[in-house]
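These notes concern the structure reproduced below.
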Amino acid sequence: MRFGSAMQARRSNKGYVRFVLFLASLIAASTLAPTSGNAIEGGYSSPSLTGATVALLDSETGKFAYCSGMLLDENVIATAAHCVIDANGSVRSNIWISPAGADLAASPKLTAAAQVFAVAGWKNTSSSVSSDDIAFVITKSSLGKPIFSKILSPAEVKALYGQSVILSGYGRKGALQAASQKPLFLQQRVIDWAIQGYPLGTYTHVMATDTETPCPGDSVGPIFKEDAGKFYAVGVIAGGNGCT
């Protein structure tokens, strides 16, 4: 997980969380080609939301995630490019992905990445949040059924001002705590919206607090909206206040 500020974000600004929106236009237009991300501090468990979040691990027998991801289809996740691409621009080896909502302590059957798509030429060389730090991973086996009905458009995201969205990840449960072995969830209020390098990056900010915030390892867990029992994909976590 990377920690953000205004446009080119630094790692540890306080008071908001930024996340990248992956939109239908981005998915269609992207040229398909890590640092460690850690659970949501102050988060809660929710069996009804387990179809949203997957864990990225660096071995088939791993117990703790180094990043998180958003399940878009049974074999497709969105995550951060910095979770799957190295400083040379090459796809990192040993990318293993859990079923959606899995308890890593229970040794779930992990599946390997079959293909990784990122923006052409992207290299993992910066500590800041950038508009093209996003990747899509196709897996060898099904990760389960996603809960999302649709991906929101930029206009629909802008209409979320002042509303609550849900963030999720397998990151640290606190600054000095271990990463969670189950996905945790947190509700935050949308407070800002901006475009950077559209269509490659659209950002929105949510209000974080000293006790409720994403932490390292929550890169790049899902952000989504629940409405009348349906779930709408908003984007993925790109930065936070650093986990108190």
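Within the model, atoms CZ of Arg92 and OH of Tyr66 stand 3.5 Å from one another, a figure rounded to the nearest 0.5 Å. Once rounded to the nearest 0.5 Å, the distance linking OG of Ser48 with CD of Glu226 reads 7.0 Å. The line from OG1 of Thr53 to CD1 of Ile237 is 8.5 Å long, rounded to the nearest 0.5 Å. A distance of 10.0 Å separates CG in Leu152 from NZ in Lys225, rounded to the nearest 0.5 Å. Atoms SG and CG, from Cys83 and Asp58 in turn, are 11.5 Å apart once rounded to the nearest 0.5 Å. The distance from the CH2 atom of Trp96 to the OG atom of Ser59 is 8.5 Å, given to the nearest 0.5 Å.
With sequence neighbours excluded, no residue forms a side-chain hydrogen bond (donor to acceptor under 3.5 Å, both in side chains) with Ser164. The ring pair (Phe, Tyr, Trp, His ring centres under 6.0 Å) test applied to Phe64 returns no partner, not counting sequence neighbours.
When every heavy atom of Phe231 is checked against every heavy atom of Leu49, the shortest pair comes out as CE2-CD2, 3.3 Å. Of all heavy-atom pairs spanning Ser68 and Gly169, the tightest one is OG-CA, 3.5 Å. Residues Ala100 and Leu71 share a closest heavy-atom pair of CB-CD2, 3.7 Å. Contact between Ala52 and Ile147 at its shortest, heavy atoms only, is CB-CD1, 3.9 Å. The two residues Val116 and Ala113 make their nearest non-hydrogen contact at CG2-CB, 4.4 Å. Of all heavy-atom pairs between Gly101 and Tyr170, the closest is C-OH, 3.4 Å.
Within 6.0 Å of the NZ atom in Lys230, the count of heavy atoms belonging to other residues, nucleotides or ligands does not exceed 12.
For residues 134-163, the pairs satisfying salt bridge (Lys or Arg N to Asp or Glu O under 4.0 Å) are Lys150-Glu156, with sequence neighbours left out.
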Does Val76 form a side chain to side chain contact (heavy atoms under 4.5 Å, CB included) with Val137? I'd like the steps, not just the answer. CA-CA 6 Å; Val76 182; Val137 179; over 6 Å; no

Applying side chain to side chain contact (heavy atoms under 4.5 Å, CB included), run through Asp86 and Asn124 and close with a yes or a no. CA-CA 5 Å; Asp86 66 21; Asn124 187 9; 5.5 Å; no

I'd like to know whether Val84 forms a side chain to side chain contact (heavy atoms under 4.5 Å, CB included) with Leu56, so could you lay out the CA-CA distance, the side-chain angles of the two residues, the decisive distance to 0.1 Å, and finally the verdict. CA-CA 9 Å; Val84 293; Leu56 275 66; 4.0 Å; yes

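For the pair Gln181 (side chain) and Lys63 (backbone), a donor-acceptor distance under 3.5 Å is present. In this structure a side-chain-to-backbone donor-acceptor pair under 3.5 Å is missing from Asn75 to Ile138. Checking side-chain atoms of Thr79 against main-chain N and O of Met70 turns up no donor-acceptor pair under 3.5 Å. No donor-acceptor pair closer than 3.5 Å links the side chain of Ser180 to the backbone N or O of Pro183. Between the side chain of Asp103 and the main chain of Lys182, no donor-acceptor pair closer than 3.5 Å is present. Formation of a donor-acceptor pair under 3.5 Å by the Ser45 side chain with backbone atoms of Leu184 is not found in this model.
Proximity of Val54 to Thr139: side-chain heavy atoms (C-beta onward) are nowhere separated by under 4.5 Å. Put simply, the side chain of Phe148 does not reach to within 4.5 Å of the side chain of Val234, judged on heavy atoms. Looking only at side-chain heavy atoms (C-beta outward), Ile191 and His205 come within less than 4.5 Å of each other. At a threshold of 4.5 Å between non-hydrogen side-chain atoms, the residues Ile77 and Leu72 do not count as touching.
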